[in-house]
Undergrad: 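Submitted below is the structure of interest, expressed as structure tokens.
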Amino acid sequence: MEKNHRGIGEANGKIILLGEHSVVYNKPSIAIPFPAAKIHVTVIYQKEPTTIHCDFYHGLLDDMPELLESLKATVKTCLSRLNKTDNQLSITIDSHIPAERGMGSSAAVAVATTRALYHFYQTDLTQENLLEIVDISEKIAHGNPSGLDALMTSSSIPYYFIKGQPFEPINLNLDAFLIVADTGITGQTREAVASIAEKLNSSNQALYQQKIDELGHLAEQGRTALETNKASLLGKLMTSVHSLLRELDVSNNQLDHLVATALKHQALGAKLTGGGRGGCMIALARTKYQAETIAQALHQEGAKKTWLYQMNGDTNE
Ligand code: MEV
């Protein structure tokens, strides 16, 4: 292989519409790839020992020890599966997915890095192998990952997903806009996942299990809403999901405040997305004008960044 050879890989961000957390317990969930926020990884040879350089839209890799560890695990797993012992690689990650915001940044880093390494070594990578490798990294980043982030950041279409079952593509038919807003607060996926696990082991187990079951039912109904253009219904389901996630103690004040702000400005529904306790919230609007009005209000109330996503079409920042 030529020394100036270059491997490239990319991945999308992801947004969970319904079913975060309950997906860990084999309940249905719905997520969409989020191409408005992408990661690109480049691998080349260098004279020095292997380095990983990462530009995040905020923060440094060194300040995110779990992400750094999971990334090292990705590289190690890939090299071992590829039967390579190279230690002179320059791996550059250019990320437009905010890290630790519930947008699948850690999975996307693993997906794009794996793709770049396989491309570098000119080896075919099946989707199955990719998901296996990313699962190893995600266990380090999240403890008990459902596999949802890995699937979404490596896909281009929305999926209905139950852990351990075949992924079902969603036939998206929804005339609506999604607003995604970054609270600017680091999400706590690992802690939130662990805290729900604790609740499900406590004396109140039955109560919490009911909430997890209900989250699964809401995601099931959401699929019909997405496939039959029922934006108002989807909005209501989203708001109900937020209430349940609050009751499971994975929201926080700023997420609750931004959800209330979106609803006050005629959002059809709003909720946190992803692991929670920080990270991002999402809201649904029928028209672009409504979506822009909501995004503006969210900025005024402290959102650090917003994205608009036309559910059946293009993405705009
Ligand atoms: C994290 O983006 C989503 C969670 O459901 C965890 C997981 O699915 O692995 C909270």
Side-chain angles (χ1 to χ4, degrees), residues 11-23 27-38 97 102-104 108 127 146-163 165-181 214-245 259 262-263 265-274 280-295 298 306-317:
N12 289 319
K14 72 102 211 309
I15 296 292
I16 299 186
L17 285 181
L18 300 164
E20 51 272 271
H21 285 292
S22 49
V23 65
K27 303 295 170 200
S29 61
I30 294 176
I32 54 171
F34 196 61
K38 272 189 186 296
I97 305 175
M103 287 172 80
Q127 175 75 353
S146 63
L148 181 66
D149 286 14
L151 172 66
M152 293 323 303
T153 55
S154 58
S155 304
S156 55
I157 52 166
Y159 275 97
Y160 177 86
F161 175 67
I162 300 178
K163 194 174 160 183
Q165 293 188 23
F167 316 122
E168 295 179 35
I170 288 187
N171 195 3
L172 187 61
N173 171 24
L174 190 83
D175 209 2
F177 285 80
L178 194 72
I179 305 104
V180 179
E214 182 57 17
L215 283 169
H217 289 141
L218 293 171
E220 236 170 74
Q221 293 172 48
R223 179 181 189 167
T224 312
L226 279 165
E227 294 187 331
T228 57
N229 201 9
K230 300 238 167 25
S232 303
L233 172 62
L234 180 63
K236 286 192 185 107
L237 299 172
M238 286 165 62
T239 307
S240 302
V241 165
H242 186 73
S243 300
L244 285 164
L245 291 172
V259 165
L263 294 175
H265 287 82
Q266 276 72 55
L268 299 172
K271 63 183 275 288
L272 70 84
T273 180
C280 290
M281 58 78 69
I282 56 174
L284 196 70
R286 199 174 293 279
T287 66
K288 189 169 184 195
Y289 174 75
Q290 270 171 350
E292 284 168 350
T293 309
I294 293 165
L298 293 172
T306 56
W307 297 260
L308 296 193
Y309 179 80
Q310 188 173 1
M311 296 293 284
N312 266 344
D314 299 334
T315 25
N316 314 289
E317 268 197 52

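All of these numbers come straight from a predicted model, not from anything done at the bench.
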Undergrad: Is the number of heavy atoms from other residues, nucleotides or ligands within 6.0 Å of NZ (Lys38) greater than 12?
TA: yes
Undergrad: Measuring from atom CG of Leu268 to atom NZ of Lys236, what distance do you get when rounded to the nearest 0.5 angstrom?
TA: 9.0 Å
Undergrad: Between Ala219 and Pro28, what is the shortest heavy-atom contact and its length?
TA: CB-O, 3.3 Å
Undergrad: Measuring from atom CD1 of Ile30 to atom CD1 of Ile15, what distance do you get when rounded to the nearest 0.5 angstrom?
TA: 14.0 Å
Undergrad: Atom NE2 in His217, atom CG in Leu244: separation rounded to 0.5 Å?
TA: 11.5 Å
Undergrad: Could you walk me through whether Leu18 and Glu220 pass side-chain contact (heavy atoms from CB on, under 4.5 Å), step by step?
TA: CA-CA 9 Å; Leu18 300 164; Glu220 236 170 74; over 6 Å; no
Undergrad: side-chain contact (heavy atoms from CB on, under 4.5 Å) for Leu215 and Val241? Distances and angles first, verdict last.
TA: CA-CA 6 Å; Leu215 283 169; Val241 165; 3.7 Å; yes
Undergrad: Quick one: are Glu214 and Ser22 in side-chain contact, heavy atoms under 4.5 Å?
TA: no
Undergrad: If you define the side chain from C-beta out and look only at heavy atoms, does anything of Thr293 sit under 4.5 Å from Gln266?
TA: no
Undergrad: Can you find a heavy atom in the side chain of Leu148 that is under 4.5 Å from one in the side chain of Lys163?
TA: no
Undergrad: Looking at Asn229 and Asp175, would you say the former's side chain and the latter's main chain have a donor-acceptor pair under 3.5 Å?
TA: yes
Undergrad: Give me the atom names and distance for the closest heavy-atom approach of His242 to Leu272.
TA: ND1-N, 3.1 Å
Undergrad: Measuring from atom CE of Met238 to atom OG of Ser243, what distance do you get when rounded to the nearest 0.5 angstrom?
TA: 12.0 Å
Undergrad: Verify, without hydrogens or angle tests, whether Asn312 (side chain) and Leu174 (backbone) share a donor-acceptor contact under 3.5 angstrom.
TA: yes
Undergrad: State the OG-CD distance between Ser154 and Gln127, to the nearest 0.5 angstrom.
TA: 4.0 Å
Undergrad: Could I get the full list of side chain to side chain donor-acceptor pair (under 3.5 Å) partners for Thr224, not counting sequence neighbours?
TA: none
Undergrad: Please report the shortest heavy-atom distance between Trp307 and Ala37, naming the atom on each side.
TA: NE1-CB, 4.5 Å
Undergrad: For a side chain to side chain contact (heavy atoms under 4.5 Å, CB included) with Leu284, tell me which candidate from Ile294, Leu234, Leu237 qualifies.
TA: Leu234
Undergrad: Identify the heavy atoms of Glu292 and Leu308 that sit nearest to each other, and give their distance.
TA: CG-CD1, 3.7 Å
Undergrad: Working note: Ile32 + Leu178, criterion side-chain contact (heavy atoms from CB on, under 4.5 Å); need CA distance, chi angles, decisive distance, verdict.
TA: CA-CA 11 Å; Ile32 54 171; Leu178 194 72; 3.9 Å; yes
Undergrad: If we only count heavy atoms from C-beta on, is the Phe34 to Lys14 side-chain gap below 4.5 Å?
TA: no
Undergrad: At their closest point, which heavy atom of Met152 faces which heavy atom of Pro158, and how far apart are they?
TA: CE-CA, 4.1 Å
Undergrad: Minimum heavy-atom separation for Leu298 and Met281, please, with both atom names.
TA: CD1-SD, 3.9 Å
Undergrad: Do Pro35 and Tyr309 have side chains that approach each other closer than 4.5 Å (heavy atoms only, starting at C-beta)?
TA: yes
Undergrad: Is a donor on one side and an acceptor on the other found under 3.5 Å between the side chain of Ser29 and the backbone of Glu20?
TA: no
Undergrad: Do Leu226 and Met311 come close enough that some side-chain heavy atom pair is under 4.5 Å?
TA: yes
Undergrad: Ile157 versus Ile170: any side-chain heavy-atom pair under 4.5 Å?
TA: no
Undergrad: Drop me the distance from Arg223's CZ to Asn171's CG, to the nearest 0.5 angstrom.
TA: 9.0 Å
Undergrad: Does the Thr153 side chain pair with the main chain of Gly13, one donor and one acceptor, at a distance under 3.5 Å?
TA: no
Undergrad: If we only count heavy atoms from C-beta on, is the Phe161 to Ser146 side-chain gap below 4.5 Å?
TA: yes
